[in-house]
Amino acid sequence: MSESISITDNRTGESIEIPIHRNGVDSAEWSKLLPGIWFDDASFGNTSGAHSAVTELDGSAGFLRYRGYPIEQLGKECSFLEVAYLLLNGELPTREQLASWEDEIREESTIHENFHKRILEGFRDDAHAMGVLVSTVAALSTFFPESKDVEDPSVRRKQIVRLIAKMPTLAASAYRRSVGTPYVLPDPDLDYTDNFLSMMFRPGDSEYEVDPVLRRALDLLFVLHADHSQNCSTTAGRVVGSSLADPYLTVSAACSALSGPLHGGANESVIRMLEEIGSYDQIDSFINAVKAGERRLMGFGHRVYKNYDPRARIVKDTAHEVFDVVGKNPLLDMALKLEEVALADDYFVSRKLYPNVDFYSGLTYQAMGFPVEMFTVLFAIGRTPGWLAHWDEMLSQDSRIARPRQIYIGSPERDVQPIDKR
Ligand code: ACO
């Protein structure tokens with residue numbers, strides 16, 4: 001059987017055969033037969049926007065692999081920085097490569113003192129941490145003007161290190177500002193995740209001992225969030241990056257996309273939803289409201305996964321390890337009950353709606369002491385290597401500026417009337 005499709009334009013009787021290559025058909029071939037006829041696919045649900053070697057996921061089989069390695073194995077064997085190295089370089093590091101990668105990141109973890117003295121101080125006291133993160137990541141662009149030379153791979157590599165290194169410092173500083181406690185600077189003696197926890201929670205100059213179970217759980221959560229192919233925020237970053245915008249503005253755009261409740265903001269929305277439901281006896285009426293289309297079950301459903309999200313399974317296990325140390329999140333039982341009810345209900349079964357990564361991650365972050373407004377910021381720290389791997393991959397390929405077409409549905413040509421005659 002031929003690996004191709006044939007299309008006939010019934011207006012003219014002309015036909016064209018297009019090869020199927022790696023599950024794709026070349027739209028340029030399609031346009032040879034049908035110039036000016038566009039794929040009508042506003043949410044890109046059926047459109048491939050990239051040739052990528054970074055992450056493979058299969059929503060029906062329910063697997064996720066970074067550079068070919070199953071997420072379950074990476075979660076068990078590797079630290080977040082090992083996984084970041086893998087995403088960016090295509091191979092896992094040796095011990096020596098990892099040590100020098102960690103050193104590079106450590107050396108770039110500080111931020112200019114203007115962030116603490118001026119920029120962060122300019123926000124309202126109740127400013128949401130994601131808005132602060134988006135703005136401060138964009139502000140990095142003004143501190144590193146040399147980053148604009150994005151076609152030079154060595155310039156790109158330098159900014160990749162800076163962004164991965166500075167994200168936790170910006171995030172923890174945003175938190176410290178919001179609670180009004182003094183900023184804690186990066187500690188060169190600590191590793192990436194310990195350092196972030198120390199910048200977040202160390203009380204002033206006092207000693208701060210990071211619990212190894214919590215540290216490992218957070219590092220694992222970063223690994224699970226590190227990449228997810230052409231998701232909304234990665235696509236936003238690619239679209240912005242395709243104009244050759246600098247990486248800080250590109251990652252800031254990706255962060256903006258992540259903030260929405262249908263994407264990374266869902267981890268925050270899940271907690272707010274569970275709090276609003278309030279008690280077991282309200283679960284049925286909430287589920288009925290979801291089925292009636294009045295509400296959405298946050299943390300459920302996914303564009304690609306039509307099976308249990310493999311990350312959700314790992315997060316659920318990790319949540320229990322964290323609860324063993326800090327005590328159970330009181331919202332856990334409600335979440336478990338909600339999952340049980342939903343997975344037994346035909347509305348969710350027939351639509352293949354399962355918990356996604358965000359259903360249990362918020363409960364875990366909350367038990368670890370992170371305020372709800374920080375949840376999506378934690379997601380952003382984890383996703384930064386993924387965004388950058390896709391940005392770097394795109395710019396090292398023969399890429400063009402992203403520029404979709406549209407199906408115009410507005411008025412045909414008409415004449416402008418002078419204002420008094422309208
Ligand atoms: N609650 C209730 N119904 C849902 C949900 C949900 N969470 N998700 C999908 N559906 C319904 C849709 O209404 C639709 O019903 P219909 O066929 O009767 O019209 C059907 O299931 C199919 O869903 P789609 O609309 O095709 O889903 P889509 O791929 O467009 O959206 C999304 C995916 C945005 C993730 C959606 O499932 C959702 O809103 N989930 C809640 C928010 C969330 O958890 N987001 C995090 C996603 S993971 C991540 O980004 C990290």
Side-chain angles (χ1 to χ4, degrees), residues 40-47 49 55 57-60 62-64 66 71 130 220-237 254-274 276-277 283-316 331 335 338-365 372 375-387 390:
D40 189 6
D41 186 20
S43 60
F44 311 129
N46 296 300
T47 300
T55 285
L57 67 105
D58 183 320
S60 312
F63 72 70
L64 169 64
Y66 300 161
I71 190 67
M130 259 324 257
L220 173 60
L221 283 158
F222 287 156
V223 168
L224 298 179
H225 287 87
D227 194 44
H228 212 234
S229 79
Q230 311 305 318
N231 56 88
C232 178
S233 55
T234 302
T235 301
C255 281
S256 302
L258 187 75
S259 71
L262 298 189
H263 190 15
N267 53 17
E268 179 175 339
S269 307
V270 168
I271 298 296
R272 301 206 190 280
M273 172 188 77
L274 294 172
E276 186 196 322
I277 295 172
I283 288 181
D284 285 345
S285 66
F286 181 80
I287 291 286
N288 287 337
V290 171
K291 288 158 65 175
E294 294 155 15
R295 301 299 304 266
R296 212 167 254 262
L297 182 50
M298 302 311 287
F300 258 69
H302 199 276
R303 172 63 56 81
V304 180
Y305 290 121
K306 301 302 170 197
N307 203 324
Y308 214 99
D309 179 339
R311 302 167 302 172
R313 202 168 272 127
I314 305 173
V315 176
K316 200 170 165 182
L331 294 173
L338 202 51
E339 180 185 347
E340 186 190 310
V341 171
L343 293 184
D345 190 302
D346 187 56
Y347 176 93
F348 299 91
V349 175
S350 63
R351 289 171 177 77
K352 299 194 166 79
L353 301 172
Y354 293 91
N356 58 50
V357 69
D358 288 326
F359 194 66
Y360 287 104
S361 64
L363 291 169
T364 320
Y365 297 141
V372 179
F375 293 0
T376 313
V377 171
L378 300 173
F379 192 151
I381 295 174
R383 183 55 57 86
T384 298
W387 288 329
H390 285 277

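The model shown is predicted, which means the values in this text are computed figures rather than measured ones. We count residues from 1, following the sequence as given. As the structure lists them, so they are numbered: ligands from 1, and atoms in each ligand from 1.
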Residues at least two apart in sequence or cross-chain that pass salt bridge (charged side-chain N to carboxylate O under 4.0 Å, His left out) with Asp58, listed by chain then number, are none
For Phe359, the ring pair (Phe, Tyr, Trp, His ring centres under 6.0 Å) test, sequence neighbours excluded, returns Phe300
Smallest heavy-atom separation, His302 atom then Val304 atom, equals ND1-N, 2.9 Å
Can you produce the list of protein nitrogen or oxygen atoms under 3.5 Å from a nitrogen or oxygen of ligand 1, alongside each distance?
unit_1   : atom_1 : unit_2 : atom_2 : d
ligand 1 : 1 (N)  : Leu297 : N      : 3.0
ligand 1 : 3 (N)  : Tyr347 : OH     : 3.0
ligand 1 : 7 (N)  : Leu297 : O      : 2.7
ligand 1 : 7 (N)  : Phe300 : O      : 3.0
ligand 1 : 15 (O) : Arg351 : NE     : 3.2
ligand 1 : 18 (O) : Arg351 : NE     : 3.1
ligand 1 : 18 (O) : Arg351 : NH2    : 3.0
ligand 1 : 29 (O) : Arg303 : NE     : 2.7
ligand 1 : 30 (O) : Arg303 : NH2    : 3.1
ligand 1 : 39 (O) : Arg296 : NH1    : 2.4
ligand 1 : 40 (N) : Phe300 : O      : 2.8
ligand 1 : 44 (O) : Gly299 : N      : 2.8
ligand 1 : 44 (O) : Asn356 : ND2    : 2.9
ligand 1 : 45 (N) : Leu262 : O      : 2.8
ligand 1 : 50 (O) : His263 : ND1    : 2.8

dist Tyr365:OH -> Ile271:CD1 (nearest 0.5 Å) comes out at 11.0 Å
Rounding to 0.5 Å, atoms CG (Leu338) and CE (Met273) come to a distance of 5.0 Å
For residues 292-299, which side-chain donor-acceptor pairs fall under 3.5 Å, sequence neighbours excluded?
unit_1 : atom_1 : unit_2 : atom_2 : d
Arg295 : NH1    : Glu276 : OE2    : 2.7
Arg295 : NH2    : Glu276 : OE1    : 3.1

